[in-house]
Amino acid sequence: MARVDATPTVMPTSSGQQAPVVELQTIWKTYGLGRKNDSVRVDALRGVSLSVGQGEYTAIVGPSGSGKSTLMHIIGCLDTPTSGTYLINGEDASDLSEQDLAEIRNIRIGFVFQQFNLLASLNAWRNVELPLSYAGVPASKRRTRAMEALEKVGLTDRASHKPGEMSGGQQQRVAVARALVNNPSLILADEPTGNLDSVSTKDMLNLFGSLSAEGRTIILITHDSDVAATAHRVVQVRDGMITSDTVNQPDGGMSFEVPLSSSVGRERRSGGNQDPGGDAVPGGVRSAGAEVRP
Amino acid sequence: MNFAQILRTSWSAIATHRLRSALTIIGIFIGIAAVSLTIGLGQGAQRMISDEITSLGSNLLIVTPGSSTSTSGVRGGMGSATTLTIDDATALTSSTVAPDISGVAPIMSSSQTLTTSSTNWTSTAYGTTASWLPVRSRTVQAGRFFTDADVTNCATVVVLGPTTAQELYGQANMAVGQSLTMGTAQYTVIGVLTSAGSSSLGDEDDIVVMPYSTMSQRISGGVTRLSMIYISATSQASLTAAYQEATAALLTRHGVSSSSADFSITSLQSVLDVASSITGTLTLALAALAGISLVVGGIGVMNIMLVSVTERIREIGLRKALGATPGVIRLQFLIEAAILAVIGGILGIGLGYLAGWLISQAISITVTISWSACLLALGVSALVGIVAGVYPASRAAKMAPIDALRSE
Ligand SMILES: Nc1ncnc2c1ncn2[C@@H]1O[C@H](COP(=O)(O)OP(=O)(O)OP(=O)(O)O)[C@@H](O)[C@H]1O
Ligand SMILES: [Mg+2]
């Protein structure tokens with residue numbers, strides 16, 4: 001079904017080991033800094049540290065407004081953190097030029113937006129081929145590849161429809177097809193099943209499952225515990241912080257939490273207890289393990 | 001992304017947003033049409049004047065009897081006084097008295113009815129010398145002009161203007177050798193003049209030219225009454241010198257001082273200079289109007305470009321998110337603006353030419369639409385369009401993709 005592309009790009013570190021695909025170190029994101037009125041300032045991310053390895057399939061869960069999308073945008077090089085370091089394949093994103101970033105967004109990352117962000121003036125396959133044109137793929141090949149991507153999400157019959165002529169779920173699937181068209185090694189999806197019925201959701205999860213089996217790294221945001229359960233790992237975000245980080249057992253049995261030491265800001269939490277679920281976690285947030293258990 | 005792809009992207013953006021593109025194009029093309037037409041009108045008027053100067057001879061001086069500064073209060077009208085004589089004219093031909101004068105043509109004039117066997121026609125008859133032809137920078141298209149010998153012999157010969165010949169004989173080249181009756185005498189047509197159109201001196205094509213001696217003898221009953229003397233200076237540069245020489249010579253001959261001069265000398269050039277400076281001012285005023293329309297058009301183009309780019313900042317953010325570099329985005333918007341400017345410019349120049357042609361058909365004013373005016377208009381509106389289109393686009397291209405995507 002899905003195309004198997006060349007092995008996804010991996011940057012080896014100097015030690016010869018594979019660097020994590022995504023490594024966030026104490027990321028803060030504050031909105032409304034430029035404004036005079038202090039009340040509009042929002043700390044959307046408050047010291048997030050997270051490391052995602054090659055081929056991992058991670059779900060990010062958390063209540064609305066907890067900062068999931070903000071986090072995803074930073075991982076996708078679409079936004080820059082207010083403070084903290086983001087290493088993508090071991091490279092500091094803040095050191096990368098506009099050209100490098102454009103190439104990373106184009107080839108290495110496939111991003112599915114929560115609001116789809118399709119161009120209203122272009123039909124489905126024209127929307128899907130956009131990343132290919134920026135990759136310099138010749139026009140003759142673009143249409144074929146766009147149609148292949150639409151086939152993966154089951155939308156071949158809507159290829160010539162404009163976004164305004166499609167349902168929310170169909171638009172969402174076009175957005176997914178666009179994210180996959182360049183065979184990215186890192187797939188970032190912000191609620192890719194939010195508008196889908198249970199059958200389409202299942203198809204979509206199968207698609208993500210096979211992409212993961214191909215060795216691609218997947219991070220998806222979801223409110224749906226069934227969706228989260230298909231992931232290998234579930235990261236819970238609350239109030240801009242990671243409150244739990246759980247690995248699902250493949251056989252659907254027990255899941256266990258990974259220590260939060262890496263996901264809690266070190267500098268800003270000096271002297272804090274790094275025991276998972278301990279007092280150091282502000283707001284007395286519960287472990288998310290129970291919520292995502294299948 | 002190669003250039004052809006960016007070009008296609010730009011073109012499809014123009015094609016999908018038809019109304020917006022059309023408005024931008026209209027803004028540019030109205031501006032350009034207005035500018036090229038107003039400048040064209042002014043330049044056309046100036047061209048007409050310079051054509052007239054060349055057709056009249058730019059080094060022409062006209063001596064008329066009677067003074068415009070007469071102290072007696074009696075203003076001598078053209079040809080009404082008898083102060084100018086053939087001897088005056090002859091004196092001016094002397095190269096010692098007036099070295100800067102190359103030709104002198106005394107003029108007697110009289111309105112005459114010309115009769116042939118089949119028709120008659122009323123025209124103005126001029127009695128002059130053989131110098132008339134070079135002095136007035138005229139040529140003959142058929143036959144010949146009369147000679148000094150014809151003047152001496154009081155030959156009954158005439159040279160017709162093309163209109164006169166046409167009216168009398170149907171065709172200019174049919175006239176030569178024919179005879180016609182004027183007053184009591186019969187004359188032989190020996191030549192037909194080349195057309196000179198009409199000028200500030202009247203219709204130059206409906207005239208009869210003959211030796212002054214013949215006119216004096218046969219028409220005015222032995223009296224030689226000059227209505228004017230044409231003088232041509234050796235060159236345009238010596239016009240002032242010729243003017244002074246003629247004034248001095250005539251004052252001496254008439255024994256009067258310059259304050260009580262009984263003649264006046266006009267330079268055609270000076271008349272035309274005034275006219276030319278008037279149209280120059282007119283052109284300037286028109287150009288100022290054109291400039292204003294250019295500014296207004298430019299602001300229109302700027303507005304629509306700014307609005308259309310602002311409206312598309314989200315699109316820019318998305319394209320960046322999908323892998324477009326700022327350079328590619330800048331180029332896309334640059335090409336879009338340039339395509340709109342070129343289409344608007346071509347339509348505008350076309351409309352300018354069309355309107356110019358219609359105007360010159362409707363009223364007899366020449367409209368000269370120059371390429372420099374078109375290029376100026378095109379350059380300004382293209383520049384405005386491109387700056388207004390590319391500057392906000394390139395600023396948006398520098399934003400983080402998500403900020404551009406979230407912009408209102
Ligand atoms: N551009 C912005 N300016 C100011 N505040 C913002 C901006 N974007 C997000 N926020 C705030 O940051 C916080 C996190 O927003 P974010 O979109 O990351 O939430 P989320 O977890 O994705 O929520 P949801 O599940 O509803 O999509 C919210 O409180 C939101 O109000
Ligand atoms: Mg969100």
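Order of the sequence lines sets the chain letters (A, B, ...), proteins ahead of strands, with each chain counted from 1. In what follows, every heavy atom counts, from backbone to side chain, and hydrogens, waters and symmetry copies are set aside. From a predicted model like this one, the values you see are computed outputs, not experimental measurements.
- Heavy atoms of other residues, nucleotides or ligands lying less than 6.0 angstrom from CD of A/E165 number more than 12.
- Contacts classified as side chain to side chain donor-acceptor pair (under 3.5 Å) and involving residues 322-344 of chain B (residues at least two apart or in different chains) are given here: B/R312-B/E336, B/Q332-B/E336.
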>> Applying side chain to side chain contact (heavy atoms under 4.5 Å, CB included) to A/Y134 and B/Q5, what does each step give before you reach the verdict?
In response: CA-CA 9 Å; A/Y134 290 116; B/Q5 286 173 10; over 6 Å; no

Side chains of residues 352-363 of chain B: which donor-acceptor partners sit under 3.5 Å, not counting sequence neighbours?
unit_1, atom_1, unit_2, atom_2, d
B/Y353, OH, B/I369, O, 3.4
B/S360, OG, B/G356, O, 3.0
B/S360, OG, B/W357, O, 3.0

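- Going from atom CG of A/L78 over to atom NZ of B/K320 covers 10.0 Å, rounded to the nearest 0.5 Å.
- Separation of atoms OG (A/S121) and CD (B/E315) is listed at 6.0 Å; rounding is to 0.5 Å.
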Side-chain donor-acceptor pairs under 3.5 Å in residues 393-407 of chain B, sequence neighbours left out?
unit_1, atom_1, unit_2, atom_2, d
B/R406, NH2, A/Y31, OH, 3.4
B/S407, OG, B/A404, O, 3.2

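- In A/Q114, the CD atom is crowded: over 12 heavy atoms of neighbouring residues, nucleotides or ligands sit closer than 6.0 Å.
- Contact detail for B/A324 and A/A102: the closest heavy-atom pair is O-CB, 3.9 Å.
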>> Working note: B/L322 + A/R105, criterion side chain to side chain contact (heavy atoms under 4.5 Å, CB included); need CA distance, chi angles, decisive distance, verdict.
In response: CA-CA 6 Å; B/L322 299 179; A/R105 291 174 196 132; over 6 Å; no

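- For A/N117 (side chain) and B/L318 (main-chain N/O), no donor-acceptor pair under 3.5 Å exists by modelled atom type.
- Residues of residues 169-179 of chain A that come within less than 4.5 angstrom of chain B, heavy atom to heavy atom, are A/R178 in numerical order.
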